[in-house]
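Right, one structure below, let's go through it.
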Amino acid sequence: MAHWNYRVIKTVEDEEELFGIHEVHYDDKGTPYAYTERASGVVWEAGEDAAKILAHMANALTLPVLMDSDFKWEPK
């Protein structure tokens, strides 16, 4: 089943290592295949639980860091 979660993505720009929390999308086999171009900001709609969103983002810090070069596509 395809799904997404927050993950840390490492990019290298001008020899500088940068890290950001992005939404990462997975295929039916659980392989990450795409991520958001920009790191995710903390934004929520009225009625949503901001603490739950932050907890999901914090969980990304416990998972292995993904490299932008691991993806076969380039973000737009």
Side-chain angles (χ1 to χ4, degrees):
M1 170 194 262
H3 68 283
W4 70 271
N5 65 357
Y6 292 109
R7 294 290 296 268
V8 175
I9 302 284
K10 176 183 171 184
T11 59
V12 178
E13 294 181 17
D14 300 323
E15 299 182 24
E16 184 176 3
E17 294 179 340
L18 303 172
F19 298 85
I21 296 175
H22 296 258
E23 292 178 14
V24 173
H25 296 265
Y26 301 82
D27 63 19
D28 290 336
K29 295 178 182 178
T31 303
Y33 70 88
Y35 65 93
T36 54
E37 178 179 5
R38 293 189 176 136
S40 298
V42 183
V43 178
W44 59 93
E45 295 178 10
E48 285 188 305
D49 184 352
K52 186 175 179 181
I53 294 168
L54 288 170
H56 286 292
M57 292 178 129
N59 185 61
L61 301 174
T62 69
L63 301 172
V65 173
L66 299 175
M67 298 288 299
D68 64 342
S69 60
D70 293 336
F71 292 82
K72 296 179 181 177
W73 69 286
E74 291 294 322
K76 297 178 182 175

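Since we're looking at a predicted model, the values are computed, not measured.
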same_hphob_cluster([X], [Y]) at 4.5 Å side-chain heavy-atom cutoff:
{"X": "Trp44", "Y": "Trp4", "value": "yes"}
{"X": "Met67", "Y": "Tyr33", "value": "no"}
{"X": "Leu61", "Y": "Leu54", "value": "yes"}

(message) Check the orientation of Tyr26 and His3. Use parallel for under 30°, tilted for 30 to 60°, and perpendicular for over 60°.
(response) parallel
Taking the side chain as every heavy atom from C-beta outward, state whether [X] and [Y] have any pair of such atoms under 4.5 Å apart.
{"X": "Ile53", "Y": "Tyr6", "value": "yes"}
{"X": "Thr11", "Y": "Phe19", "value": "no"}
{"X": "Val42", "Y": "Met57", "value": "yes"}

(request) Determine yes or no for a side-chain-to-main-chain donor-acceptor pair under 3.5 angstrom, with Arg7 supplying the side chain and Pro64 the backbone. (result) yes
(message) Minimum heavy-atom separation for Gly20 and Ala39, please, with both atom names.
(response) CA-CB, 4.2 Å
(message) Show the nearest heavy-atom pair for residues Ala2 and Asp28, with the distance to one decimal.
(response) N-OD1, 3.0 Å
(message) For Phe71 together with Tyr35, are the ring centres under 6.0 Å from each other?
(response) yes
(request) Could you please spell out the steps behind the side-chain contact (heavy atoms from CB on, under 4.5 Å) verdict for Val24 and Thr36? (result) CA-CA 7 Å; Val24 173; Thr36 54; over 6 Å; no
(message) Please report the interatomic distance CD1(Ile21) to CG(Asn5), rounded to the nearest 0.5 Å.
(response) 11.0 Å
(message) With rounding to the nearest 0.5 angstrom, report the OG to CD distance, Ser40 to Glu23.
(response) 4.5 Å
(request) Using a cut-off of 6.0 Å, state whether more than 12 heavy atoms not belonging to Glu16 lie near its atom CD. (result) no
(message) Can you tell me which residue among Leu66, Leu18, Asp70 is in a side-chain contact (heavy atoms from CB on, under 4.5 Å) with Ile9?
(response) Leu66
